[in-house]
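All of these numbers come straight from a predicted model, not from anything done at the bench.
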Protein chains: 2
Amino acid sequence: MNELDDFLALKDQFIPQLSVDCVIFGFHNQQLKVLLLKLKNLDVWALPGGYVEQNEGIDEAAQRILEERTGLKDIYLEQFRVFGSADRSTKEFIQKIMEVHHPEAMNEPWVLQRYVSIGYYALVDFSKVNPMPDFLSESCEWFEMKQLPKLAFDHSEITRKALETLQLMLDYKLVGFNLLADTFTMIELQSLYETILETPLRRNNFQRKMLSMNILERVEKLYTGAANKAPYLYRFKNKVVRRTNFQ
Amino acid sequence: MNELDDFLALKDQFIPQLSVDCVIFGFHNQQLKVLLLKLKNLDVWALPGGYVEQNEGIDEAAQRILEERTGLKDIYLEQFRVFGSADRSTKEFIQKIMEVHHPEAMNEPWVLQRYVSIGYYALVDFSKVNPMPDFLSESCEWFEMKQLPKLAFDHSEITRKALETLQLMLDYKLVGFNLLADTFTMIELQSLYETILETPLRRNNFQRKMLSMNILERVEKLYTGAANKAPYLYRFKNKVVRRTNFQ
DNA sequence: TTAATATTGTCCCACATTGAGATAATAATA
DNA sequence: TATTATTATCTCAATGTGGGACAATATTAA
C-alpha cells in the first residue's frame, strides 16, 4: 500500500462529495465568537468540518466533528441549511489544498469535484471548550463574529446565514442559554440577547418578559464586591441540549 | 454498450448518494394537497425527487424536478431540511425498486448504499399544475395532506416536517399567496390559513390583520349569483416567486 | 454610623394589539 | 319592498409593550 492507496481507502469510507460544516458559537466578554481553523501552509481560515461516514447519520457526523474540535459531548446543534451552488468551491482553492496535503492524488479525476455541504450551527459554553485543530490545520481559535478573518470557499456566507438563523430562532426556541454557564445574571442574559440580535434592549422590559415565561429559576445572589445591589443568579429550568430534531 | 453500461454512464453524471425530494403543496376545495408519484409495479407512493447533476446547483436541481412534474417554471421553493439518518432507506426496499428497474445493476456494490436527501417544499397554484409521472412511476396525483397513502422510505416524515415548516413560516414570510390564484376573496385566504394552521380563525380579526399589513390590493367585486353581498377580490401586491434565498 | 453611589428589581401608565361580540351594507330572492 | 345570507366594519374590553419612575441594597466615603 502506498500513500495514494491509503488516501483512496480512507475516501471510500465516506459519502462522496458531501461534507458537514459547523458554525460553533460561543459568548465571551460580551462578544459573540466563532471557532475557526487555520489551514496548514495556507493564509486562510475555515469552519470546522468533515465528512459523513457510510454508516453514520448526518447529525451524528456533525456531533462527532464538534466533539473532536471542542472536547464537548452533547452539544446543542441544529442543521440550518445546505450549501450546494454549482460554483461554491473554486477549483483553484481545492487544488492548493490538495497540493499541500495529498499531492499524490492530484491526478485523480474526482479530486476537483464540487462538494455539497450541510451547515450546522452549535451553541457552546465558551468556558468549557478546549479548541483542538484537526489534521488539516495548524491552529484552532475563537474569533469575534464581527471581525472574522479571510475564510475559505463560501464559509463567510455559511457563517452569516448561521447567525441569521440563530437570530430568528433565539426567541422562538429559547436556545440562548446554551451559550451561558449553568447560572447567570439577568444582565448577562440580556447582554447575550443584545449581542446576538445586534440591538439594545430595555432592562425592565427584558426582565419582565423573561420572568413572565416562567423558564428561569432564581438561585442565590452574586456578591461581586461592587458597590451596588448584588444581582440574583438564575438557572434555566429545562436546559435543552442537542436538539437536532426541530422544524 | 449494454444496459448496465448505460446505467453506469447515467449514474456518473450525478453527485452520488445525494438526492432531492420535493413536497409540492397545492390548495383545492378547502384542502391542502400534496403531489405524489405511484412507483411502477410497486404498491407504494413517493415524493417527486431526483438527483443533482455534477454541474448543477441544488436549488436548480429542485427547480428542474418541479418543472418536470408540474409543467410550471419559477415555482416558490424552499429548502427546509436534510434527511440523512443512517437507517433512512431500508435495503429491502431499494432492492425491490432495483429489481424492477435495473436488475442488471443488482450486483454493483454501491446500489444498496444509503442516500442523503435534501428536502424542499414548493407552493403552487393548484389550477395551473399539469401532473406528469417520471420514468420510475406510472402515475402522478394529488392527495389530501390529511389522507396520504403509504409512502416509500421516510417520505411520510419528510412530508410532515415540510408541513411543520410551512406552518411556522406562513405568518413570518407571507408565502400563502403562492397557493392561490392571482386574485382571491378574503374568505378563500382565510380558509387557506385555517387549513394550513389547522385551527379556526375569526373572520373580522383575520380581515383586520391582513388589511393592516398593507400587502393586499382590492380589485373588483366577485358576483357569484348568490343571494348575498358580493365579496371583493384581492391581489397580493408583491407576489414573491422562487424565494430560495431565505434564512 | 450615616450619606453617597451605582446598580438591580419593580411598579406604573400611556399606547398598541388582540379577542370577541355587535352592527351596518348589499346581492339576490320571495 | 321585505327577507335572507353573507360580507365589511365598528366597538370595547382584555392583554401586551414601550418607556419612564422609584424603591431596594451592596459597598465606599465622610
Mind checking whether B:Arg81 and B:Thr165 have side chains closer than 4.5 Å, heavy atoms only? no
On DNA chain C, does the nearest nucleotide to A:Pro231 precede the nearest nucleotide to B:Tyr223 from the 5' side, or the other way round? Give the residue. A:Pro231
All heavy atoms of A:Pro131 vs all of A:Cys140, minimum pair found to be CB-O, 3.5 Å
Shortest non-hydrogen pair, B:Arg88 vs B:Asp21, comes out as NH2-OD2, 4.1 Å
Full working for salt bridge (Lys or Arg N to Asp or Glu O under 4.0 Å) between B:Arg64 and B:Glu60: CA-CA 6 Å; B:Arg64 168 175 57 77; B:Glu60 285 72 36; over 6 Å; no
Give the intermediate values and the outcome of salt bridge (Lys or Arg N to Asp or Glu O under 4.0 Å) for residues B:Glu78 and B:Lys173. CA-CA 12 Å; B:Glu78 200 96 59; B:Lys173 288 175 62 186; 2.4 Å; yes
D:dT17 C1' sits how many Å from A:Asp171 CG, rounded? 14 Å
Could you state the atom-to-atom distance from CG of B:Leu233 to P of D:dT7 in whole Å? 12 Å
Please state whether the phosphate of D:dT27, meaning OP1 or OP2, lies under 4.0 angstrom from any side-chain nitrogen or oxygen of A:Lys229. no
Under 4.0 angstrom, heavy atoms only, what part of the nucleic acid is A:Lys209 near: base, sugar-phosphate, or nothing? nothing
Where chain B begins and ends its contact with DNA chain C, read 5' to 3' at 4.0 Å from heavy atoms: C:dT18 to C:dA28
Which of A:Leu47, A:Val124, A:Leu77 passes side chain to side chain contact (heavy atoms under 4.5 Å, CB included) with A:Ile24? It is A:Val124
Can you work out whether A:Lys221 or B:Tyr234 has the more 5'-proximal nearest nucleotide on DNA chain D? B:Tyr234
Note: contacts of residues 184-208 of chain B with DNA chain C (heavy atom, under 4.0 Å) are B:Arg202, B:Asn204, B:Asn205, B:Arg208
Quick one: sort the B:Phe184 and B:Phe177 rings into parallel, tilted or perpendicular, breaks at 30° and 60°. tilted
Mind listing the side-chain donor-acceptor pairs of residues 199-210 of chain B below 3.5 Å, one per line with the distance, residues two or more places apart or on another chain?
{"from": "B:Asn205", "atom 1": "OD1", "to": "B:Arg208", "atom 2": "NH2", "distance (Å)": "3.2"}

Of A:Phe27, A:Phe25, A:Trp142, the one forming a ring-ring contact (aromatic ring centres under 6.0 Å, His included) with A:Phe126 is A:Trp142
Does any pair with a residue in residues 184-194 of chain A pass side-chain hydrogen bond (donor to acceptor under 3.5 Å, both in side chains), and if so which ones, sequence neighbours excluded? A:Gln30-A:Ser191, A:Gln190-A:Glu194
Residues two or more places apart in sequence or in another chain: which of them pass ring-ring contact (aromatic ring centres under 6.0 Å, His included) with B:Phe153? B:Phe93, B:His155
Taking five pairs at each end of the helix from C:dT1-D:dA30 to C:dA30-D:dT1, what angle separates the two helix axes (nearest 10°)? 30°
